[in-house]
*Asks:* 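What follows is a structure written as structure tokens; I'll ask about it next.
A quick note: this is a predicted structure, and the numbers were derived from the prediction, not measured.
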Amino acid sequence: MASRLIDLIALAREPSSERRRELLRELTDLFFVTPAAHAPGEAALFDAVMTKLATEMEEAVRAELAVRLAAEEEPPRTLTKNLAFDTIEVAAPILRKSPVLTETDLVQIASTKGQGPLRAVARRETLSETVSDLIVDRGDDQTLELLLRNDGAQLSRRAHETAVDRAQANPMLHEAVVDRASLPMDLLNEMYFVVEARLRGQILARNAEVD
């Protein structure tokens with residue numbers, strides 16, 4: 001593998017765009033063949049070379065690479081994080097799934113990015129209160145609806161209050177708010193007089209479950 005890696009790094013000087021795309025795919029395949037068998041420093045070398053190559057590739061190639069990396073438990077970390085801050089067409093699968101992104105990464109994305117990245121992050125399997133509250137503060141109503149429907153997203157009391165206030169002004173959010181299992185009962189009951197009969201029935205049913 002070491003000799004093959006040296007050959008591939010030498011090919012990084014290839015001027016042909018098509019050949020460089022092939023090289024990037026070949027490097028990615030080689031990295032994931034036996035990831036546990038990488039010698040010390042080899043994974044970092046892979047990461048550095050693939051990151052350099054990816055920055056020179058067109059968006060479609062980076063998007064293809066992001067889909068591959070998003071599903072991996074231990075992908076090249078620098079490359080994966082760089083792609084997470086790429087265009088939404090590239091970043092979306094990594095923002096939704098990649099375990100490489102830390103709380104700090106997610107906070108930075110939720111604090112600075114637009115609605116596309118916020119919606120991708122809102123779909124993650126789990127989200128801390130810190131990240132969820134940032135999405136509530138910065139997201140539009142479509143983004144907020146996605147977050148409310150994600151049971152793995154933890155929201156603070158303040159964020160729930162904000163969601164209810166916004167839902168009272170926008171019927172599009174009524175169902176997502178009423179369906180949210182973690183919504184405090186007093187906030188749920190605030191929705192009773194603004195939602196349709198079907199949702200009022202759900203609120204009454206939830207109240208009936210309370211001791």
*Asks:* Can you see which heavy atom on I94 is nearest to which on T80, and at what distance?
*Replies:*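 The pair with the smallest heavy-atom distance is CD1-O, 3.7 Å.
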*Asks:* Please evaluate residues Q115 and T143 with respect to the criterion side chain to side chain donor-acceptor pair (under 3.5 Å), reporting the C-alpha separation (whole Å), side-chain torsions for both, the decisive distance (0.1 Å), and the verdict.
*Replies:* CA-CA 7 Å; Q115 297 306 309; T143 302; 2.7 Å; yes
*Asks:* Just distance, no hydrogens or angles: give the donor-acceptor pairs under 3.5 Å from side chains in residues 85-93, sequence neighbours left out.
*Replies:*
unit_1, atom_1, unit_2, atom_2, d
D86, OD1, R62, NH2, 3.1
D86, OD2, R62, NE, 2.6
T87, OG1, E59, OE2, 3.0

*Asks:* Any side-chain heavy atom of E161 sitting closer than 4.5 Å to one from V164?
*Replies:*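 In short, these two side chains do not touch, never coming nearer than 4.5 Å.
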*Asks:* Please check if L147 and M172 belong to a single hydrophobic cluster, counting links between Ile, Leu, Val, Met, Phe, Trp and Tyr side chain heavy atoms closer than 4.5 Å.
*Replies:*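 Per the 4.5 Å side-chain linkage, L147 and M172 are co-clustered.
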*Asks:* Are the side chain of N150 and the backbone N or O of A122 linked by a donor-acceptor pair below 3.5 Å?
*Replies:*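 Here the side-chain-to-backbone pair exists.
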*Asks:* Just by modelled atom types, is the V136 backbone N or O under 3.5 Å from a matching donor or acceptor in the R166 side chain?
*Replies:*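 Yes; at least one donor-acceptor contact below 3.5 Å.
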*Asks:* So, the side chain of R206 versus the backbone of D179: is there a donor-acceptor pair under 3.5 Å, distance only?
*Replies:*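 No; zero donor-acceptor contacts below 3.5 Å.
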*Asks:* Counting distance only, does the side-chain N/O of R138 pair as donor-acceptor with the main-chain N or O of K113 below 3.5 Å?
*Replies:*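 Answer holds: yes.
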*Asks:* Report yes or no: does N207 contribute a side-chain atom to a donor-acceptor pair with the main-chain N or O of I203 at less than 3.5 Å?
*Replies:*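 Yes: the side chain of N207 pairs with the backbone of I203.
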*Asks:* Side-chain contact test, heavy atoms from C-beta onward, threshold under 4.5 Å: evaluate it for L148 versus E145 and give yes or no.
*Replies:*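 Side-chain contact under 4.5 Å: no.
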*Asks:* Could you tell me whether the side chains of D47 and T51 share a donor-acceptor contact shorter than 3.5 Å?
*Replies:*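 Yes.
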*Asks:* Give the cluster check for V177 versus V195: same hydrophobic cluster or not, with ILVMFWY residues linked at side-chain heavy-atom distances below 4.5 Å.
*Replies:*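 Yes: a chain of side-chain contacts under 4.5 Å links V177 to V195.
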*Asks:* Go through it in stages, so that I can follow the logic: the residues are E64 and R68, the test is salt bridge (charged side-chain N to carboxylate O under 4.0 Å, His left out), and I'd like the CA-CA distance, side-chain angles, deciding distance and then a yes or no.
*Replies:* CA-CA 7 Å; E64 176 187 330; R68 173 82 181 268; over 6 Å; no
*Asks:* Heavy atoms, side chains only, cut-off 4.5 Å: are L69 and S98 in contact?
*Replies:*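 Not touching, per the 4.5 Å side-chain cut-off.
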*Asks:* Would T162 and D165 satisfy side chain to side chain donor-acceptor pair (under 3.5 Å), going step by step from the backbone distance to the final call?
*Replies:* CA-CA 5 Å; T162 299; D165 289 343; 5.5 Å; no
*Asks:* Taking atom NE2 of H160 and atom CG of L155, what is their separation to the nearest 0.5 Å?
*Replies:*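 It comes to 4.5 Å.
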*Asks:* Looking only at heavy atoms, what is the nearest atom pair of M191 and V178, with distance?
*Replies:*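 Smallest interatomic distance, heavy atoms only, reads CB-CG2, 4.4 Å.
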*Asks:* Under 4.5 Å between side-chain heavy atoms, hopping through other hydrophobics if needed: is there a path connecting L146 to V131?
*Replies:*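 No, separate clusters.
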*Asks:* Can you see which heavy atom on R124 is nearest to which on R96, and at what distance?
*Replies:*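 Heavy atoms of R124 and R96 come nearest at CG-O, 3.3 Å.
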*Asks:* Any link between L83 and V67 through a network of hydrophobic side chains (Ile, Leu, Val, Met, Phe, Trp, Tyr) touching at under 4.5 Å?
*Replies:*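 No, no single cluster joins them.
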